K.L.:
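Encoded as structure tokens, here's the structure I'll be asking about.
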Number of protein chains: 2
Amino acid sequence: MLPMSFESPDRDRIDLSLVLHALSDPQRRGIVAELARSEEPRPCGSFAPNITKSTRTHHFRVLREAGLVEQWKEGTSKMSRLRREDVDARFPGLLDSVLAAPIGAGRL
Amino acid sequence: MLPMSFESPDRDRIDLSLVLHALSDPQRRGIVAELARSEEPRPCGSFAPNITKSTRTHHFRVLREAGLVEQWKEGTSKMSRLRREDVDARFPGLLDSVLAAPIGAGRL
DNA sequence: CCCTTAGTACGACGGTCAACGTACCACAAA
DNA sequence: TTTGTGGTACGTTGACCGTCGTACTAAGGG
């Protein structure tokens, strides 16, 4: 009976500060990059294998609350999808420029 | 005989995490926006009048160390200039998309 | 029914952040 | 020389962050 929240702001309420803060972490940026590379939704657990489950949960919450990621339950896993259209509509070009950034430019 | 540092990373060492973190603060984003609006260099004191001098110094240091701003001394004031070409060269489109963001999309 | 798998909740720890006040410095103008 | 003016240094405060471990839940598969 726990919350297990999936709440993410809708398109016109996505906050730039939250987005930039979410993307300022290399780990999260890595997740977003992977999520963008394969448009197929994947379970959370298949990302960032170097960190703990709980840390991963934390990062996904930050991404979701910033409006970068959408999540839903599917069987036993929780799936994630990049909200590309919404972010692109709200901040055109932002995601592209961040994802196109040279590796090692803050990638831990 | 105090340091009074002006050090800013050179173009190819600008770190994306630092840039995004610097821009994730509304106050600093406001400074950058003003700096971008008037290409004329201005003394630090003429920005963000609502905050304290020391806080302003702090924000300018974050911006400078992220590589977003260049500073130099001119008489009694310290001038600031947006390093637009450098940032644009390193992360094309990033600054544009952030500056084009709707007001109120995280603006405090 | 147990057991595994996938993820969350909670608490903790060390680190950082933004903001402030006070004290200080450097320079210029009076 | 004295008095601004513009900015830094330092210390502090309360909040938050990234990370972890442990304990828990929810859903399937045997």
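Since the structure is predicted, the reported quantities are computational estimates derived from the model, not experimental observations.
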K.L.:
Output the rounded distance in Å from CD1 (A:Ile51) to P (C:dT8).
P.N.:
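In whole Å, C:dT8 P lies 12 Å from A:Ile51 CD1.
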K.L.:
side-chain contact (heavy atoms from CB on, under 4.5 Å) with A:Thr76: which residues, sequence neighbours excluded?
P.N.:
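Checked A:Thr76 against side-chain contact (heavy atoms from CB on, under 4.5 Å); zero matches.
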K.L.:
If you check every side-chain atom of B:Ser54, which of D:dG18, C:dC20, C:dA9 has the closest atom?
P.N.:
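Ranking D:dG18, C:dC20, C:dA9 by closest atom to the B:Ser54 side chain puts C:dC20 first.
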K.L.:
Does A:Arg84 come within less than 4.0 Å of A:Asp96, counting only side-chain N to carboxylate O?
P.N.:
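Answer for the salt bridge query: yes.
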K.L.:
Quickly work out the A:Lys73 NZ to C:dA6 P distance and round it to whole Å.
P.N.:
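That distance rounds to 12 Å.
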K.L.:
Answer yes or no: is there a side-chain heavy-atom contact under 4.5 Å between A:Glu70 and A:Leu82?
P.N.:
no
K.L.:
As a test of reading the structure: which of C:dT8, D:dC17, D:dG7 is closest to the side chain of A:Lys78, going by heavy atoms?
P.N.:
C:dT8
K.L.:
Select base, sugar-phosphate, or nothing to describe what B:Thr55 touches, counting heavy atoms under 4.0 Å on all strands.
P.N.:
base
K.L.:
What's the closest nucleotide to the B:Thr52 side chain, out of D:dG21, C:dC20, C:dC17?
P.N.:
C:dC20
K.L.:
Between C1' on D:dC17 and CG on A:Asp25, what's the gap in Å once rounded to a whole number?
P.N.:
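That distance rounds to 9 Å.
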K.L.:
What is the distance, rounded to the nearest whole Å, between atom NE2 of A:His58 and atom P of C:dC10?
P.N.:
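To the nearest whole Å, that distance equals 15 Å.
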K.L.:
End-to-end bend of the helix from C:dC1-D:dG30 to C:dA30-D:dT1 (five-pair axes, 10° rounding)?
P.N.:
10°
K.L.:
How close or far is atom P of D:dG7 from atom CD of B:Glu74, stated in whole angstroms?
P.N.:
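Whole-Å distance recorded here is 11 Å.
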K.L.:
Between A:Lys78 and A:Phe60, is NZ or CZ placed under 6.0 angstrom from the six-membered ring centre and within 45° of the ring axis?
P.N.:
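No, A:Lys78 does not sit over the ring of A:Phe60.
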K.L.:
Would you mind classifying the nucleic acid contact of B:Lys53 as base, sugar-phosphate or nothing, using non-hydrogen atoms under 4.0 angstrom?
P.N.:
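Base, at least one base heavy atom under 4.0 Å.
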